[in-house]
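Every value quoted in this text rests on a predicted model; they were computed, and no experiment measured them.
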Amino acid sequence: MQFVRLRLQGFKSFVDATEIAIAPGLTGVVGPNGCGKSNLLEAIRWVMGETSAKAMRGDGMEDVIFAGAASRPPRAFAEVAILLDNAARRAPAGFNDADMLEVARRIARDAGSAYRLNGREVRARDVRMLFADAATGAHSPALVRQGRISELVNAKPVARRAILEEAAGVAGLHQRRHEATLKLDAAARNLGRVEEILDGLDARLATLDKQAKQAARYRAIAEALRRAELALLVARWREAAGAAQAAETALTEATRAAAQAEAASLAAARARAEAEAAAPPAREEAMVAAAVRQRLTLEQAALDQKAEAAAEAARAAAQRLAQLRQDAEREAALNRDAAETLARLTEETAEIARAREGHEAAHAALEAAAAAATETLAEAEAAYAEAAAEGARVAAESDAAARRRAETRA
Ligand code: ATP
């Protein structure tokens with residue numbers, strides 16, 4: 001396989017897309033210090049699968065992306081592609097179907113690297129294998145950087161052997177042997193793990209065996225339990241059937257009793273309806289009686305009040321009568337006094353008449369006094385007669401009130 005062309009974009013100092021043709025024979029790159037000659041060699045190693053950022057003279061792999069200059073902003077990605085002539089078809093199977101193979105590697109900030117072979121995405125491992133088979137690669141001693149010659153001269157035999165093996169074209173075989181060794185180690189580790197799992201499974205098998213015996217025992221017990229439950233259910237069913245029969249009989253009895261009760265209820269309802277039909281006249285009478293009773297009660301209360309008033313009037317009349325009797329007695333006493341006075345005056349008049357001779361005038365005065373006394377007596381008698389009449393009237397009223405009260409009470 002021949003390298004035909006190298007294409008760079010955004011890689012280190014190659015900010016713009018740059019293509020470098022690699023013609024048969026010798027191709028030289030000439031330029032002043034710092035123009036980017038070493039960057040080209042690093043680009044070839046990077047596209048062949050370099051994983052060391054230090055080998056790329058950076059702190060991280062993203063340092064290969066153009067970092068910007070005074071007049072140019074930084075780039076977001078870097079891409080290097082190398083075109084290989086595969087006319088001899090020496091590429092590994094799977095990639096060996098084209099005359100020209102373009103291997104490209106692209107890195108973007110925060111997104112890592114990706115490889116493509118003829119536009120198809122491939123693994124970094126596939127790319128490394130492709131170049132190893134072609135007796136080259138990122139770590140190939142054929143790529144000689146500055147200071148590398150003196151390193152090789154002073155190298156240990158093992159390192160020199162690597163150079164000789166690559167020159168003999170067995171580097172790919174070594175790569176494959178290395179991968180086979182890794183796979184064998186992995187298989188051995190897996191085998192050990194399988195043996196551990198088998199041991200675990202043996203232990204688990206013993207447990208499962210024990211559990212299977214327990215399960216068989218459980219099944220037998222469960223079967224016996226099921227039979228016992230069945231027998232119990234049959235017994236309960238029979239019991240329930242007997243109870244249902246008894247309940248049915250009781251229901252029939254109860255239905256009959258209910259029919260009788262209903263008939264009795266109907267009869268009672270009928271009797272009640274009849275009683276209710278007969279009730280109105282009696283109720284009316286009761287209402288009338290109640291009204292009469294109410295009226296009588298009211299009248300009784302009124303009569304009681306009247307009787308009380310009549311008794312009060314009788315008491316007042318009696319007091320008045322007693323007063324009038326006292327007045328009459330006083331008037332009678334006055335009358336007696338007046339009569340005595342009159343008798344005495346008459347006596348005196350007689351004496352005066354006897355002694356009258358010559359005393360005509362005194363006689364006339366005495367007659368006038370006698371006439372006045374007579375008039376006073378007549379007035380007193382008239383007052384007495386009036387008081388007696390009043391007393392008789394009040395006594396009659398009192399008697400009538402007492403009589404009415406007695407009647408009311410009766
Ligand atoms: P010498 O002859 O002295 O070895 P050289 O021609 O090999 O020099 P390189 O070492 O390949 O030159 O290139 C170094 C140049 O690349 C420097 O100018 C440096 O600024 C530039 N460079 C390196 N990495 C980047 C980057 N990530 N972004 C921009 N420029 C970079």
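- Annotation: side chain of Met100 is in contact with side chain of Leu83 (closest heavy-atom distance under 4.5 Å).
- Listed for the Asn86 side chain is a donor-acceptor partner under 3.5 Å among the backbone atoms of Arg90.
- Using a distance-only test at 3.5 Å, with no hydrogens or angles considered, a donor-acceptor pair links the side chain of Lys12 to the main chain of Met56.
- For CD of Glu381, the number of neighbouring non-hydrogen atoms (other residues, nucleotides, ligands) closer than 6.0 Å is greater than 12.
- Atom CD of Gln2 is separated from atom CG of Asp85 by 6.5 Å, given to the nearest 0.5 angstrom.
- Classification of Arg72 and Asp16 as a salt-bridged pair holds, one side-chain N sitting under 4.0 Å from a carboxylate O.
- Taking 4.0 Å as the cut-off between side-chain N and carboxylate O, Glu229 and Arg226 do not count as a salt-bridged pair.
- Using a cutoff of 4.0 Å between basic side-chain nitrogens and carboxylate oxygens, Arg272 and Glu276 are scored as salt-bridged.
- If you take CZ on Arg57 and OG on Ser52, they are separated by 12.5 Å, rounding to the nearest 0.5 Å.
- Between Ala55 and Arg45, the shortest heavy-atom distance links the atoms CB-NH2, 3.7 Å.
- Taking a 6.0 Å sphere around OH of Tyr384, one finds it holds 12 or fewer heavy atoms contributed by other residues, nucleotides or ligands.
- Between Tyr115 and Val47, the closest heavy-atom pair is CE2-O, 4.0 Å.
- Between Trp46 and Phe11, the two ring planes are tilted [angle within 30° to 60°].
- Between the CD1 atom in Ile65 and the CZ atom in Arg106 there is a gap of 9.5 Å [rounded to 0.5 Å].
- For CZ of Arg293, the number of neighbouring non-hydrogen atoms (other residues, nucleotides, ligands) closer than 6.0 Å is 12 at most.
- Listed for the Asp209 side chain is no donor-acceptor partner under 3.5 Å among the backbone atoms of Leu205.
- We find the CG-OG1 distance between Leu6 and Thr18 to be 9.0 Å, quoted to the nearest 0.5 Å.
- Side-chain atoms of Gln9 never come within 3.5 Å of backbone atoms of Phe14 as a donor-acceptor pair (strictly under, hydrogens ignored).
- Between Arg123 and Val127, every side-chain heavy-atom pair lies at or beyond the 4.5 Å cut-off.
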**Study point:** Asp97 vs Arg89, salt bridge (charged side-chain N to carboxylate O under 4.0 Å, His left out): CA-CA, chis, key distance, verdict
**Key:** CA-CA 8 Å; Asp97 52 355; Arg89 300 296 169 116; over 6 Å; no

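- The two residues Cys35 and Ser13 have their closest heavy-atom pair at O-OG, 4.4 Å.
- Considering every non-hydrogen atom in both Ala78 and Gly10, the closest pair reads CB-O, 3.3 Å.
- Taking 4.0 Å as the cut-off between side-chain N and carboxylate O, Lys183 and Glu179 do not count as a salt-bridged pair.
- Salt bridge status for Arg403 with Glu407: absent, with no side-chain N to carboxylate O gap under 4.0 Å.
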Point to revise | Verdict with reasoning, Val15 to Arg75, per side chain to side chain contact (heavy atoms under 4.5 Å, CB included) | key: CA-CA 8 Å; Val15 52; Arg75 284 294 169 94; 4.0 Å; yes

Exercise for review: I would like to know whether Arg7 and Val80 meet side chain to side chain contact (heavy atoms under 4.5 Å, CB included); could you show each step before the answer?
Suggested key: CA-CA 6 Å; Arg7 183 166 56 80; Val80 175; over 6 Å; no

**Study point:** Residue pair Leu84, Leu130: steps toward the side chain to side chain contact (heavy atoms under 4.5 Å, CB included) verdict
**Key:** CA-CA 11 Å; Leu84 307 171; Leu130 170 72; 4.2 Å; yes

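- Side-chain contact between Thr207 and Lys210 is absent, with no heavy atoms from C-beta onward closer than 4.5 Å.
- Closest approach of Lys37 to Val29, counting heavy atoms only: CD-O, 3.9 Å.
- Side-chain atoms of Asn96 come within 3.5 Å of backbone N or O of Ala91 as a donor-acceptor pair.
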Exercise for review: Take Gln319 and Gln323, measure what side chain to side chain contact (heavy atoms under 4.5 Å, CB included) needs, and give me the verdict at the end.
Suggested key: CA-CA 6 Å; Gln319 278 178 3; Gln323 182 70 37; over 6 Å; no

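- A salt bridge does not link Glu79 to Arg105: none of the charged side-chain nitrogens sits closer than 4.0 Å to a carboxylate oxygen.
- With a 6.0 Å cutoff to the six-membered ring centre and a 45° limit on the axis angle, Arg109 does not count as a cation-pi contact of Phe77.
- Considering all non-hydrogen atoms of both residues, Ala81 and Glu102 come closest at CB-OE2, 3.9 Å.
- Side-chain contact between Leu117 and Asp126: absent, with no pair of heavy atoms (C-beta onward) separated by less than 4.5 Å.
- Other residues, nucleotides and ligands place more than 12 heavy atoms under 6.0 Å from the CD atom of Glu223.
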Exercise for review: Output, in order, the C-alpha distance, side-chain angles, deciding distance and verdict of salt bridge (charged side-chain N to carboxylate O under 4.0 Å, His left out) for Arg270 and Glu274.
Suggested key: CA-CA 6 Å; Arg270 222 169 13 247; Glu274 284 169 6; 5.5 Å; no

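- Between atom OG1 of residue Thr408 and atom CZ of residue Arg405 there is a gap of 9.5 Å, rounded to the nearest 0.5 Å.
- With rounding to the nearest 0.5 Å, the separation of CD in Glu312 from CD in Glu308 is 7.0 Å.
- Within 6.0 Å of atom CG in Asp59, 12 or fewer heavy atoms from other residues, nucleotides or ligands are found, so the atom counts as exposed in its surroundings.
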